[in-house]
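Down below is the structure, laid out as structure tokens.
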Number of protein chains: 2
Amino acid sequence: MNQEKNYRMTHQREMILEVVQKNHSHLTADEIYDRVRKKLPRISMGTVYRNLDILASCGFIKKLQPGYAQMRFDGNTRDHYHVVCMRCGKIGDAQIEPLDNTLENLENALGNLTSYGIFGHNLEFVGLCPNCMELEKDLPDDQQTNQLMMEVTEDGSQRKPN
Amino acid sequence: MNQEKNYRMTHQREMILEVVQKNHSHLTADEIYDRVRKKLPRISMGTVYRNLDILASCGFIKKLQPGYAQMRFDGNTRDHYHVVCMRCGKIGDAQIEPLDNTLENLENALGNLTSYGIFGHNLEFVGLCPNCMELEKDLPDDQQTNQLMMEVTEDGSQRKPN
DNA sequence: TAGGTTATTAGGAATGATTACTATTATAAA
DNA sequence: TTTATAATAGTAATCATTCCTAATAACCTA
């Protein structure tokens, strides 16, 4: 199924892919598990997670994961955006003014298109902190950050670092 | 310390607030725990979490939490933004074109201001799904969503729903 | 088509952040 | 002070996700 790695197409993997592709509702892993289990009752949760990872790394599906795993706390209560390190999760301040006008217009436009009630937005920038940029230099090519981008940015936007 | 609720100012709460305010590095709960423990060695993790919540709800600090708790998976691999329900976590598609030009310029600008290497961005809209909007009507005023906004949007942007 | 290599699986245990519970203690108002 | 009750320490529980391992199944090659 993939050129680079010797992946094999198993029934489990096939079913998981089918479930994700046929659903437009951004299922969680356990929702996928429940659905696949109707066809393959003995499948395990570990199999579901492993295959979702593999399918995402092959570009067949997309993993939506929170920008950071742990809560963090900020003594600065003024409105400001953040930069999140995609390797270590460290958060820095983005010295950029909030895009209130641009995004409020966008929120209004979106409000007319969706059945959701729109209250606000989250914008964060994704990158590498100085420390992780250093470490990166010692890694083999296939572990370099640009290889990992697809899994990290929510919207798949991807470009060379500044 | 607060007008609405009968909060009391304890040594623990005071120390936690001080640690968060004196650090500009967006500490995690366990980093705060470690630092506070140097002054109050018997403090417990539960106390740290509870106080961080209370301090955030009073507006003294800001809680940075991921937009959604669980990973989700999308069969649609085209670039697109999402709307996240702030009550149930359900994710919908935002029928809005990616802001590639606007935000790429912003990423470039930011790249010159920060020590991070910038690779991309995440933008998500926050709101209420149709189902939760219905449920909302039955809630007492102090549990209505607009009361909860400060805790939800990353940058604190806040407005009436569309 | 069979056999062998090894990727993949099921099942269960482990992890790690966060929340919940409870008897005891400390705060602040009268 | 006294008193009501908010807050605490310590511990147990939760829950999504990852890790581990012996057994199984895909797929390449003869």
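Atom set for the values below is all heavy atoms of this structure, side chains included, hydrogens, waters and symmetry mates excluded. First the proteins, then the strands, lettered A, B, ... as listed; each starts at 1. Because the structure is predicted, anything quoted here is derived from the model rather than measured.
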### Task
Hey, which sits more toward the 5' end of DNA chain C by its nearest nucleotide, B:Gln12 or B:Met45?
B:Met45
Among [options], which nucleotide sits nearest the side chain of [X]?
{"X": "A:Arg8", "options": "C:dA26, C:dA10, D:dA26", "result": "D:dA26"}
{"X": "A:Thr10", "options": "C:dG11, D:dT8, C:dT9", "result": "C:dT9"}
{"X": "B:Tyr7", "options": "D:dA7, D:dT17, C:dA7", "result": "D:dA7"}
{"X": "B:Arg42", "options": "D:dG10, C:dA17, D:dT17", "result": "D:dG10"}
{"X": "B:Ser44", "options": "C:dA10, C:dT18, D:dA9", "result": "D:dA9"}
{"X": "B:Met9", "options": "D:dA16, C:dA28, C:dT8", "result": "C:dA28"}

To the nearest Å, give me how far apart [atom1] ([X]) and [atom2] ([N]) are.
{"X": "A:Phe73", "N": "C:dA17", "atom1": "CZ", "atom2": "P", "result": "13 Å"}
{"X": "A:Ile16", "N": "C:dT8", "atom1": "CD1", "atom2": "P", "result": "12 Å"}
{"X": "A:Tyr33", "N": "D:dA16", "atom1": "OH", "atom2": "P", "result": "13 Å"}
{"X": "B:Ile32", "N": "C:dT18", "atom1": "CD1", "atom2": "C1'", "result": "14 Å"}
{"X": "B:Lys39", "N": "D:dT8", "atom1": "NZ", "atom2": "P", "result": "17 Å"}
{"X": "B:Asp53", "N": "C:dA17", "atom1": "CG", "atom2": "P", "result": "17 Å"}
{"X": "A:Met71", "N": "C:dT18", "atom1": "CE", "atom2": "C1'", "result": "7 Å"}
{"X": "A:Ile54", "N": "C:dT9", "atom1": "CD1", "atom2": "C1'", "result": "11 Å"}

At under 4.0 Å, does any side-chain N or O of [X] touch on OP1 or OP2 of [N]?
{"X": "B:Arg13", "N": "D:dA7", "value": "yes"}
{"X": "B:His11", "N": "C:dT27", "value": "yes"}
{"X": "A:Asn51", "N": "C:dT9", "value": "yes"}
{"X": "B:Tyr49", "N": "C:dT19", "value": "no"}

### Message
Rounded to the nearest 0.5 Å, what separates atom CG in A:Leu40 from atom CD in A:Glu14?
### Response
10.0 Å
### Sidechain-backbone polar pair: B:Asn76 side chain, B:Arg78 backbone, donor-acceptor under 3.5 Å
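Present.
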### Task
Could you tell me whether B:Asp79 and A:Lys62 have a side-chain N and a carboxylate O separated by less than 4.0 Å?
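Yes, B:Asp79 and A:Lys62 are salt-bridged.
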### Query
Does the distance from a Lys or Arg side-chain N to an Asp or Glu carboxylate O, for B:Asp53 and B:Arg50, drop under 4.0 Å?
no
### Summary
Smallest heavy-atom separation, B:Cys88 atom then B:Arg72 atom, equals O-NH2, 4.5 Å
### Message
Quick check on DNA chain D: between B:Arg50 and B:Gln70, whose nearest nucleotide comes earlier from the 5' end?
### Response
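Final value for this comparison: B:Arg50.
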